[in-house]
Amino acid sequence: LGMFSELKFPVPWGHVAAKAWGPSEGHPVLCLHGWLDNANTFDKLIPLLPRGCYYVAMDFSGHGLSSHRPAGCPYHFLDYVTDVRRVAAALQWRRFTLMGHSMGKLLGFSFSYCFISPQFCFLYPEMVDKLILLESLGFLLAPEDTEEWLKSKRKVIDGLLSLEAKPQTPKARSPEAALQRLLEANSHLTAEGGAILLQRGATETPAG
């Protein structure tokens with residue numbers, strides 16, 4: 001397991017990089033590095049682990065060889081969870097083992113950071129057969145908050161990935177049809193108000 005290959009997965013702002021060890025047909029294991037680290041965190045560990053598995057260690061956005069998010073965009077913990085979902089989808093993994101590492105600090109941003117692996121398991125339990133935590137903590141919510149948190153966060157991630165998967169070619173409409181669509185989506189608008197907004201909110205093309 002000393003030899004590895006480099007992987008790249010496209011995302012809207014560039015790519016997520018990863019490195020992989022073992023046979024691609026082996027049991028899938030996704031490895032998540034800790035605070036301010038990168039995929040090389042696992043270089044010394046992977047050769048000691050069972051052979052026959054396919055280990056993929058990803059660089060989170062802004063780390064290692066992965067693209068940084070655009071300037072001015074924050075790195076929120078849910079964005080990292082979404083990156084994990086993107087990589088799993090790119091690998092076409094329906095069920096896999098998740099191994100997460102973190103320094104386990106409980107101050108500031110790293111408090112959220114060490115919870116990425118447990119949060120993914122909590123949001124997508126059907127995708128994870130085992131969770132391995134290295135120097136990390138579990139993810140705990142008050143019982144009364146669990147269902148609402150799960151529903152809202154998963155809806156955000158699934159909605160975003162669904163939107164990204166759709167063709168990016170904008171629909172062309174006639175000015176009249178564009179106005180009608182705007183009025184249907186904004187019931188408080190008058191036709192005059194909608195037309196004013198469309199002057200700046202629509203782009204004319206040969207198709208409409």
Side-chain angles (χ1 to χ4, degrees), residues 1-9 11 16-61 63-66 76-106 110-143 145-147 149-158 160-161:
L1 287 176
M3 298 295 291
F4 65 90
S5 58
E6 293 283 354
L7 305 174
K8 277 188 178 181
F9 307 105
V11 292
V16 168
K19 53 195 305 186
W21 296 262
S24 59
E25 70 276 6
H27 180 79
V29 181
L30 187 59
C31 308
L32 309 181
H33 65 76
W35 174 241
L36 296 181
D37 293 341
N38 55 57
N40 278 6
T41 289
F42 298 97
D43 278 9
K44 296 292 185 179
L45 177 62
I46 297 297
L48 305 176
L49 298 181
R51 299 178 182 273
C53 291
Y54 185 47
Y55 300 96
V56 175
M58 58 182 282
D59 291 323
F60 283 119
S61 297
H63 297 69
L65 301 181
S66 288
H76 191 262
F77 73 89
L78 198 61
D79 296 326
Y80 289 118
V81 177
T82 307
D83 285 351
V84 175
R85 185 68 182 84
R86 285 188 175 97
V87 169
L91 290 165
Q92 297 183 325
W93 286 358
R94 300 181 63 182
R95 192 162 175 81
F96 55 93
T97 295
L98 193 58
M99 179 163 60
H101 171 260
S102 177
M103 294 193 308
K105 282 191 175 180
L106 296 179
S110 53
F111 179 77
S112 297
Y113 209 83
C114 67
F115 289 153
I116 293 171
S117 301
Q119 280 183 15
F120 185 88
C121 290
F122 187 64
L123 286 167
Y124 297 97
E126 74 279 7
M127 297 185 70
V128 180
D129 60 6
K130 295 183 183 71
L131 172 64
I132 303 168
L133 298 178
L134 310 174
E135 298 181 304
S136 188
L137 302 172
F139 177 59
L140 300 176
L141 283 175
D145 298 331
T146 300
E147 186 175 348
W149 191 94
L150 175 62
K151 186 181 299 183
S152 64
K153 298 298 185 288
R154 182 158 174 162
K155 182 178 180 181
V156 168
I157 294 175
D158 290 347
L160 177 61
L161 297 185

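- Paired with Val16 under the rule side chain to side chain contact (heavy atoms under 4.5 Å, CB included), one option of Val84, Leu65, Val11 passes, and it is Val11.
- Not counting sequence neighbours, the partners of Leu45 by the side-chain contact (heavy atoms from CB on, under 4.5 Å) test are Phe42, Leu49, Met99, Leu134.
- Here Tyr124 pairs with Phe120 under the ring-ring contact (aromatic ring centres under 6.0 Å, His included) rule; sequence neighbours left out.
- Residue pairs meeting the side-chain hydrogen bond (donor to acceptor under 3.5 Å, both in side chains) criterion with at least one member in residues 42-58, sequence neighbours excluded, are Lys19-Asp43.
- Among pairs with a residue in residues 20-31, none fulfils salt bridge (Lys or Arg N to Asp or Glu O under 4.0 Å), at least two apart in sequence or across chains.
- For Asp59 (side chain) and Ala39 (main-chain N/O), a donor-acceptor pair under 3.5 Å exists by modelled atom type.
- Counting non-hydrogen atoms of neighbouring residues, nucleotides and ligands closer than 6.0 angstrom, the CD atom of Gln92 reaches no more than 12 such neighbours.
- Under the salt bridge (Lys or Arg N to Asp or Glu O under 4.0 Å) criterion, Arg85 pairs with no residue, sequence neighbours left out.
- Listed by chain and residue number, Leu78, Leu123, Trp149 satisfy the side-chain contact (heavy atoms from CB on, under 4.5 Å) test with Lys153 (two or more places apart in sequence, or in another chain).
- Checked against side-chain contact (heavy atoms from CB on, under 4.5 Å), Thr41 has the following partners two or more places apart in sequence or in another chain: His33, Asp37, His101.
- When each of Val87, Val81, Ile116 is tested with Leu32 by the rule side chain to side chain contact (heavy atoms under 4.5 Å, CB included), just one qualifies, namely Ile116.
- Under the salt bridge (Lys or Arg N to Asp or Glu O under 4.0 Å) criterion, Asp79 pairs with no residue, sequence neighbours left out.
- Qualifying salt bridge (Lys or Arg N to Asp or Glu O under 4.0 Å) partners for Arg95, counting only residues two or more places apart in sequence or in other chains: none.
- Pairing each heavy atom of Pro23 with each of Cys53, the nearest pair is CD-O, 3.5 Å.
- Using a 30° and 60° split on the angle between ring planes, His63 and Phe60 fall in the perpendicular class, above 60°.
- Sorted by first and then second residue, the salt bridge (Lys or Arg N to Asp or Glu O under 4.0 Å) pairs with a member in residues 122-131 read Glu126-Arg154; sequence neighbours excluded.
- Residues Leu98 and Cys121 are in side-chain contact: their nearest non-hydrogen atoms beyond the backbone lie under 4.5 Å apart.
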Stepwise side chain to side chain contact (heavy atoms under 4.5 Å, CB included) test for Ile46 and Cys31: CA-CA 10 Å; Ile46 297 297; Cys31 308; 4.2 Å; yes
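- Counting heavy atoms from C-beta on, the side chains of Arg86 and Leu160 come closer than 4.5 Å.
- Shown here are the side-chain contact (heavy atoms from CB on, under 4.5 Å) partners of Ala18, two or more places apart in sequence or in another chain: Leu7, Phe9, Val56, Met58.
- Residues forming a side-chain hydrogen bond (donor to acceptor under 3.5 Å, both in side chains) with Ser61 (at least two apart in sequence, or on another chain): Asp83.
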